[in-house]
Amino acid sequence: MPGYVSMSDLPTDISHDQHAVRRQKLAEMRAAGSDPFRANVATTHFSGDALKAYVDGQENTVQVTVAGRLVVIRDMGKSQFVKILDQQGQIQLYVKKDVVGEAAYLAFKKLDLGDIVGATGTLFKTKTGEVTVRVDSYVLVAKALRPLPEKWHGLSDPETVYRQRYLDVIVNPESRARLMLRSKVVSHVRRFLEDRQFLEVETPVLEATAGGAAARPFVTHHNALDVDFFLRIATELRLKRMLVGGFDRVFEIGRIFRNEGVSRRHNPEFTMLEVYQAYSDYRGMMTLIRDLMTSLVRDVIKPADGSLKIKHAASGQDIDFGGEWREVKYKDLIREATGDADWFARSKAEKIAKAEAMGLGINPAWEEFEITNEIFSKRIEPTLIQPTFVTHLPKELCPLAKITPDDPTTIDVFELTIGGMEVAPAYSEQNDPDVQRQMFEAQAGEEKQNIDHDFLLALEHGMPPAGGMGVGIDRLCILLTGAESIRDVILFPQLRPGA
RNA sequence: GGGUCGAUAGCUCAAUGGUAGAGCAGCGUCCUUUUAAGUCGUUGGUUCUGGGUUCGAAUCCCAGUCGACCCA
């Protein structure tokens, strides 16, 4: 019969195919009336809490029910030591034929690495001193049909690490710790700000005008309204509207989208904290960010030596958050880097010649401040390892800040640079609607339609003087965890679809 | 967008243009306090995809896919 394949023609030895072996075990369990996917377990402890519940010297008195994924199996014949992994980490289980009974023991022997089980038993300490659950009963609550990556080397293929992050965090403890730390960082930031009477608000991701930063936005389309919307590139202009509305201290930890390159430092979507505080200014923001950073290091990172220092792998230095935070003017850094006290008086041609002599590629179409800023971002910023407030930036770099009272060419801002990376820019926020309009118009050039007139209308209603700050949460996490790439602190970094 | 490098068993990695291997995992055996447990045996490959060169290609060439790094 054409196309007919008899059962005897099918390969009968599936022992090499782990997926097939596991599927067969599942089929047998279902046939026997015990479907793991219809079972559950009522846990009493996470692994770490169970370990703490052990009372020294009191063997098998404290009962716990724990659950997690089988990550280690040591089969010793009539007993097994296994380890399960849950949110808090690993805990060892000791399964003994005498204790659980013959049938349950035989079934336990059929479990595979990766299976998710619950177990009830009592705590004891093994002869090597590890607190362990002596299992009285257990239940399989999910069958892993696919094998885990190897236990010793873990998972190292970067593509699999990013695409199947769940495997990475199961087998690579450093990844797990790093990504969990991110959650703790965000949680700490929230508590820190709430303690200071800041209100967390949520503003739109879809906007008719993408403002508040210079970046290319993603475009999408609203069908019912039949209009294009942009995904926000900043939360700034929305949050300032709330200052107008009398929400005097607001913040948002929001996803920002910028339709630009993907690199070690850039993901198309990233998380930014923006904070606004009425009746403050950029100097107030200095105190705020410094307190925030030092408390993060002290309470979340908790350096082992009790200091406020973090290793910076790229430079080999320790970044000391407990020391003096340097404050330096942008123009002074430029004068120092170029060795030219009169840099800002030089012609454009002279600036280009010098920048090229410094090994920089200069686009002749650039404005003079862009040439200068290329020197800053390529030759100065990477050298600023210790926490440094760069102040008095040229006004062209940001149209949303107040002009410095005694220098019309600079603005009342700082850019906090740590580990050679820009971590947090902050301004004394521009609240003069007329100056704001002029700055917008100067920046927009011919593209007047990009001006957010609704924001200017809000300013005309009166915005209190305020300090504002943006903090790149991803970069903050890179810094705090010593990660090499933004992809290491984002659960699911953007990759090309496929494979 | 340009350059460099990479893709081999489930995972981590080997393999002068000449029969694709190892460790772990898997499968079978022994073992009731292990710590990468140990022990004896054993299965497993579209060498990323598609072309080309060659008597012969994991290996050389071309194109593509995906990824990493550097540059713009």
Side-chain angles (χ1 to χ4, degrees), chain A residues 11-25 59-60 70-85 89-102 104-106 108-115 121-135 144-168 170-173 216 259-267 314 356 359-366 370 374 377-378 382 483-488 493-499:
Chain A
T12 49
D13 178 17
I14 57 162
S15 67
H16 61 273
D17 183 339
Q18 301 186 50
H19 184 208
V21 168
R22 287 162 182 240
R23 281 223 169 259
Q24 191 167 39
K25 286 181 183 175
E59 308 300 86
N60 298 314
L70 275 171
V71 290
V72 173
I73 296 177
R74 297 194 188 103
D75 182 354
M76 311 201 28
K78 295 185 181 62
S79 75
Q80 296 194 31
F81 284 98
V82 304
K83 287 189 177 177
I84 59 171
L85 174 71
Q90 295 187 4
I91 187 168
Q92 180 165 263
L93 311 180
Y94 183 47
V95 184
K96 223 172 153 181
K97 187 176 172 184
D98 295 351
V99 177
V100 296
E102 178 144 14
Y105 190 75
L106 282 177
F108 195 87
K109 276 183 105 94
K110 289 193 174 174
L111 296 183
D112 293 299
L113 284 173
D115 288 354
T122 50
L123 296 170
F124 74 104
K125 196 176 256 185
T126 66
K127 69 179 183 188
T128 53
E130 179 164 354
V131 175
T132 299
V133 180
R134 197 195 66 158
V135 175
L145 296 171
R146 303 277 181 179
L148 288 174
E150 191 225 5
K151 62 184 173 188
W152 186 239
H153 299 92
L155 178 66
S156 61
D157 174 23
E159 188 169 354
T160 312
V161 163
Y162 299 143
R163 288 193 198 276
Q164 292 180 274
R165 180 69 87 182
Y166 48 91
L167 294 179
D168 177 43
I170 291 168
V171 299
N172 293 332
R216 187 134 52 99
N259 201 345
E260 291 166 0
V262 179
S263 79
R264 227 156 48 93
R265 295 252 177 276
H266 299 88
N267 198 61
E356 285 178 341
L360 296 170
I362 301 298
N363 181 340
W366 282 351
E370 290 176 300
E374 181 73 1
S377 55
K378 292 286 164 57
E484 291 180 3
S485 165
I486 196 171
R487 286 182 283 259
D488 296 330
Q494 203 59 244
L495 296 184
R496 192 180 285 277

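Residue numbers begin at 1 in each chain, while the letters A, B, ... track the order of the sequences. None of these values were measured; they are calculated from a predicted model.
Partner Phe108(A) forms a side-chain contact (heavy atoms from CB on, under 4.5 Å) with one of Val100(A), Val82(A), Ile73(A) and no other, that one being Val82(A).
Glu260(A) places a side-chain N or O within donor-acceptor distance of the main-chain N or O of Arg216(A), the cut-off being under 3.5 Å. Judged by distance alone, the side chain of Lys25(A) and the main-chain N or O of Lys110(A) form a donor-acceptor pair under 3.5 Å. In this structure a side-chain-to-backbone donor-acceptor pair under 3.5 Å is present from Asn172(A) to Leu155(A). No donor-acceptor distance shorter than 3.5 angstrom exists from the side chain of Arg23(A) to the backbone of Leu145(A), with no hydrogens or angles considered. A donor-acceptor contact shorter than 3.5 Å is absent between the side chain of Asp168(A) and the backbone of Tyr162(A).
The gap from the C1' atom of A37(B) to that of C30(B) amounts to 14 Å, rounded to the nearest Å. If you take atom P in A15(B) and the same atom in C48(B), they sit 15 Å apart, rounded to whole Å. On the P atoms, G41(B) is 13 Å away from C24(B), given to the nearest whole Å. Straight-line distance between the P atoms of U8(B) and A68(B): roughly 15 Å, to the nearest whole Å. Spacing between C55(B) and C40(B) at atom P, rounded to whole Å, works out to 48 Å. Comparing C13(B) with C69(B), their P atoms are spaced 16 Å from each other, to the whole Å.
Arg165(A) and Pro493(A) make their closest contact through NH2-CD, 3.9 Å (heavy atoms, listed as atom of the first residue, atom of the second, distance).
No engagement by Lys125(A) is indicated, since no non-hydrogen atom pair under 4.0 Å with the nucleic acid exists. Looking at heavy-atom distances under 4.0 Å, Tyr105(A) makes no contact with the nucleic acid at all. Backbone-only contact: Gly154(A) has heavy atoms under 4.0 Å from sugar-phosphate atoms and none from a base. Backbone-only contact: Leu495(A) has heavy atoms under 4.0 Å from sugar-phosphate atoms and none from a base. The residue His153(A) sits close only to the backbone: its heavy atoms come under 4.0 Å of sugar-phosphate atoms, none of a base.
Between Tyr94(A) and Phe124(A), the ring-plane angle classifies as tilted under the 30° and 60° cut-offs.
Note: OH (Tyr162(A)) to C1' (A68(B)) measures 8 Å, nearest angstrom. Nucleotide U34(B) holds its P atom 18 Å from the CD1 atom of Ile73(A), rounded to whole Å. Distance, Lys151(A) NZ to C24(B) P: 8 Å, rounded to whole Å. Rounding to whole angstrom units, CG of residue Leu70(A) and P of A25(B) are separated by 14 Å. Lys378(A) places its NZ atom 13 Å from the P atom of C70(B), with the value rounded to the nearest Å. One can place NE2 of His266(A) at 16 Å from C1' of C69(B), the figure rounded to the nearest angstrom. The CE-P distance, from Met76(A) to A37(B), rounds to 12 Å in whole Å. Going from atom CZ of Arg22(A) over to atom P of C27(B) covers 8 Å, rounded to whole Å.
Between the side chains of Gln164(A) and Tyr166(A), a donor-acceptor pair is found at a separation under 3.5 Å.
Heavy-atom distances to RNA chain B give each of Val72(A) and Glu484(A) a nearest nucleotide, and the one nearer the 5′ end belongs to Val72(A). Residue whose closest nucleotide on RNA chain B sits further toward the 5' end, between Asp157(A) and Leu113(A): Asp157(A).
Among the nucleotides C27(B), C66(B), U32(B), the one closest to the side chain of Ser79(A) is U32(B). The nucleotide whose nearest atom lies closest to any side-chain atom of Lys127(A) is, among U33(B), U32(B), U12(B), U33(B).
Gln18(A) contributes a side-chain N or O that forms a donor-acceptor pair with the base of A25(B) under 3.5 Å. Judged by distance alone with a 3.5 Å cut-off, a donor-acceptor contact links the side chain of Thr126(A) to the base of U34(B). No donor-acceptor contact under 3.5 Å links the side chain of Gln80(A) to the base of U34(B).
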Based on Watson-Crick and G-U pairs with both distances under 3.5 Å, what dot-bracket line describes RNA chain B 5' to 3', crossing pairs as [ ] and inter-strand pairs as |? (((((((..((((....[..)))).(((.(.......).))).....(((((..]....)))))))))))).
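In this model, the phosphate group of G67(B) is approached by a side-chain N or O of Arg496(A) to a distance below 4.0 Å at OP1 or OP2. Look at Arg264(A) and you'll find a side-chain N or O under 4.0 angstrom from OP1 or OP2 of C70(B). Contact annotation: Lys78(A) does not reach the phosphate of U34(B) (side-chain N/O to OP1 or OP2, under 4.0 Å). A close approach under 4.0 Å does occur between a side-chain nitrogen or oxygen of Ser156(A) and OP1 or OP2 of C13(B). A close approach under 4.0 Å does occur between a side-chain nitrogen or oxygen of Arg487(A) and OP1 or OP2 of A68(B). At U34(B), none of the side-chain N or O atoms of Arg74(A) fall inside 4.0 Å of OP1 or OP2 (strictly under the cut-off).
Within a 6.0 Å radius of CD in Glu484(A), other residues, nucleotides and ligands contribute 12 heavy atoms or fewer.
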